[in-house]
Amino acid sequence: MVSIFPAYLAPLRESLIGKAVDRGLIELGVHDLRQWTHDVHRTVDDSPYGGGPGMLMRPEPWGQALDTLAPASGAQPRLVVPTPAGRPFTQALAHELAREPWLMFACGRYEGIDSRVVDDAADRMVVDEVSLGDYVLAGGEVAVLVIVEAVGRLLPGVLGNVASHEQDSFSDGLLEGPAYTRPEVWRDRPVPDVLLSGHHAAIARWRRDESLRRTLARRPELLSTVALDKADAKVLAE
Ligand SMILES: Nc1cc(-c2ccc3cc[nH]c3c2)n[nH]1
């Protein structure tokens, strides 16, 4: 990961990803872009050609950083560049990235990075410009924290219980429904009886129905991507 705020990526040393790093399941490298500047002020930004508000990140430091971290002579990483103008980051893309042996992340700041950096990198590596959603952050670091967590948890051995991500929201294309743990009654709110019944088929049906109802209510557009059987259609027609 390359950033002018390397400390922003320190949270990756905590918790799930941090433990995976300690166990050697993931290798993380954080690099300060200013290492590849050579002027006394360690300048990384400049005014945009054609005018416009704010500053852009100069191409030279990025080019040298990528040349140093991923020399053209060897194996190439897949470069992930968070940007509001990117393709949506989805669980499907997280799975795709989790299959890559080496990912590199470019954290932009200011109004973004000179466009030639991505063009130049794309001559020798796969580059994904990725958006986390239709809102604007002040830089790419937070997006990288999200992407690394979403991808890292999919890697073998990182999650304690492999079944966890197989039952993620979106794993079957639907939103996860409500979930409960002890106590059976909390502030006069009981756990649904079916979950206490021990009838696994009934529990699976109830969970599917609750997922369908929640997806219909909150993200109806997802339903067109899911194979629905007759029982599903009945619930949605309620
Ligand atoms: N989905 C999304 C990405 C971003 C983003 C990503 C990188 C930079 C660099 C400067 N501003 C940025 C904003 N905002 N929202």
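Counting starts at 1 for both ligands and their atoms, in listed order.
- Considering backbone and side-chain N/O of G133, one or more are found under 3.5 Å from N/O of ligand 1.
- Applying the 6.0 Å contact sphere to OH of Y8 captures no more than 12 heavy atoms from other residues, nucleotides or ligands.
- Heavy atoms from other residues, nucleotides or ligands lying under 6.0 Å from CD of E184 number 12 at most.
- Heavy-atom distances between F89 and ligand 1 stay at or above 4.0 Å for every pair.
- At a 4.0 Å heavy-atom cut-off, ligand 1 touches A138 through the backbone alone.
- Of the polar atoms of T83, none of the N or O atoms is found under 3.5 Å from an N or O of ligand 1, judged by distance alone.
- When the options V81, L79, T83 are evaluated for a side-chain contact (heavy atoms from CB on, under 4.5 Å) with V118, the one that passes is V81.
- Using a non-hydrogen distance threshold of 4.0 Å, P82 registers as a contact of ligand 1.
- By the 3.5 Å distance cut-off applied to N or O atoms, E111 is not counted among the residues near ligand 1.
- Look at R205 and D232 and you find a salt bridge, because one of the NZ, NE, NH1 or NH2 atoms lies within 4.0 Å of a carboxylate O, short of that distance.
- The pair E176-R214 fails the salt-bridge criterion, with no side-chain N (NZ, NE, NH1 or NH2) lying under 4.0 Å from an Asp/Glu carboxylate O.
- Near Y110, with a cut-off below 4.0 Å to any heavy atom, the atoms of ligand 1 are 10 (C), 11 (N).
- Salt bridge present: E221 and R219 bring a charged side-chain N and a carboxylate O closer than 4.0 Å.
- Of the candidates V146, L132, V144, V136, it is L132 that places a heavy atom closest to atom 1 (N) of ligand 1.
- Of the inter-residue distances, the one linking D119 atom CG with D123 atom CG reads 8.0 Å to the nearest 0.5 angstrom.
- Using a 4.0 Å cut-off between charged side-chain N and carboxylate O, E210 and R207 make no salt bridge.
- With a 4.0 Å heavy-atom cut-off, ligand 1 is reached by the backbone of L137 and by its side chain too.
- The option with the heavy atom closest to atom 9 (C) of ligand 1, from among P84, P88, G108, A106, is G108.
- For ligand 1, the atoms sitting less than 4.0 Å from at least one non-hydrogen atom of Y135 are 1 (N), 2 (C), 14 (N), 15 (N), numbered in the order shown with element in parentheses.
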